[in-house]
Amino acid sequence: MSEPTSPEKIFPVSWDQFHRDARALAWRISGDGPFEAIVCITRGGLVPAAVVSRELGIRLIETICIASRHNYRDQGELMILKQVAKDVVDKAGGKGAGVLVVDDLVDTGKTASVVRDILPDAHFATVYAKPKGRPLVDTFITEVSQDTWIYFPWDMGLAFQPPIAKGPVG
Ligand SMILES: O=P(O)(O)OC[C@H]1O[C@H](OP(=O)(O)OP(=O)(O)O)[C@H](O)[C@@H]1O
Ligand SMILES: [Mg+2]
């Protein structure tokens with residue numbers, strides 16, 4: 001079932017800001033390791049996972065491929081397109097101890113709870129968090145309100161801005 005999602009506020013994030021926030025995430029979790037592997041939740045987790053793996057020197061990177069928003073913002077059925085490889089799940093007792101799970105954000109928490117079921121002892125880190133999903137993450141950098149939509153740099157491009165004096169367009 002899709003949920004009605006029409007956030008009132010927007011939070012646009014530039015590449016520069018995202019890099020700084022992802023690096024801050026690496027700093028914050030640097031004392032929580034050591035981590036043997038990163039499990040990155042694609043696609044949004046790919047970029048922060050690259051930054052965190054570089055900062056913390058973690059070279060074993062696995063993915064779990066999950067899609068839930070098939071029509072842009074509206075959340076639909078959550079589909080696991082690719083599972084975590086067995087050798088990574090089997091590390092440190094089979095519950096994810098020593099594994100760092102990385103995603104761009106936690107919103108309703110549905111994606112995070114599915115991954116937690118697979119890796120209950122993993123450390124779960126996201127760059128951004130909304131209140132509903134926040135209890136499911138161990139570490140995040142910035143919290144935004146539930147009615148805020150985060151625009152990631154890979155979803156945006158440069159666009160002409162009409163002068164303020166021209167008034168609102170449309
Ligand atoms: O907490 P939730 O409400 O589950 O939402 C958070 C998830 O939604 C987005 O992924 P999406 O399924 O849209 O796929 P994408 O990463 O490929 O953009 C985002 O990257 C998170 O993984
Ligand atoms: Mg995602």
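Remember, it's 1-based here, ligands and their atoms both numbered in the order they're listed. When a residue number appears, it is its place in the shown sequence, counting from 1. Any value given below was found using the heavy atoms of this structure, including those in side chains, with hydrogens, waters and symmetry copies removed.
- Glu8 contributes no side-chain N or O that, together with a main-chain N or O of Thr148, makes up a donor-acceptor pair within less than 3.5 Å.
- The Asp104 neighbourhood of ligand 1 comprises atoms 19 (C), 20 (O), 21 (C), with distances under 4.0 Å to a heavy atom of that residue.
- The shortest separation from a heavy atom of Gly109 to ligand 1 is under 4.0 Å, placing the residue in contact.
- Using a 4.0 Å cutoff on heavy atoms, Thr42 counts as a contact of ligand 1.
- Note that CG of Asp147 and CD1 of Ile10 are 12.5 Å apart. Values are rounded to the nearest 0.5 Å.
- Close approach to Leu105 involves these atoms of ligand 1, each under 4.0 Å from a residue heavy atom: 6 (C), 19 (C), 21 (C).
- Taking all heavy atoms of Leu78, Val115, Asp103, Thr111 into account, the minimum distance to atom 22 (O) of ligand 1 is reached by Asp103.
- Under a 4.0 angstrom heavy-atom cut-off, Ala67 registers as being in contact with ligand 1.
- A distance-only check finds no donor-acceptor pair linking the side chain of Arg28 to the backbone of Thr139 [under 3.5 Å].
- Residue contacts with ligand 1: Gly44 is placed with a nitrogen or oxygen under 3.5 Å of a nitrogen or oxygen of the ligand (distance criterion only).
- The hydrophobic cluster around Tyr128 extends to Phe11, Val13, Trp15, Phe18, Leu25, Ile29, Phe35, Ile38, Val47, Val52, Leu56, Ile58, Ile61, Leu100, Val102, Leu105, Val127, Ile141, Val144, Ile150, Phe152, Trp154, counting ILVMFWY residues whose side-chain heavy atoms fall within less than 4.5 Å of a member.
- A salt bridge does not link Lys130 to Glu143: none of the charged side-chain nitrogens sits closer than 4.0 Å to a carboxylate oxygen.
- Note on Asp87 versus Lys91: no salt bridge recorded, every NZ/NE/NH1/NH2 to OD/OE distance being 4.0 Å or above.
- Near Ser68, meaning under 4.0 Å from any of its heavy atoms, are these atoms of ligand 1: 12 (O).
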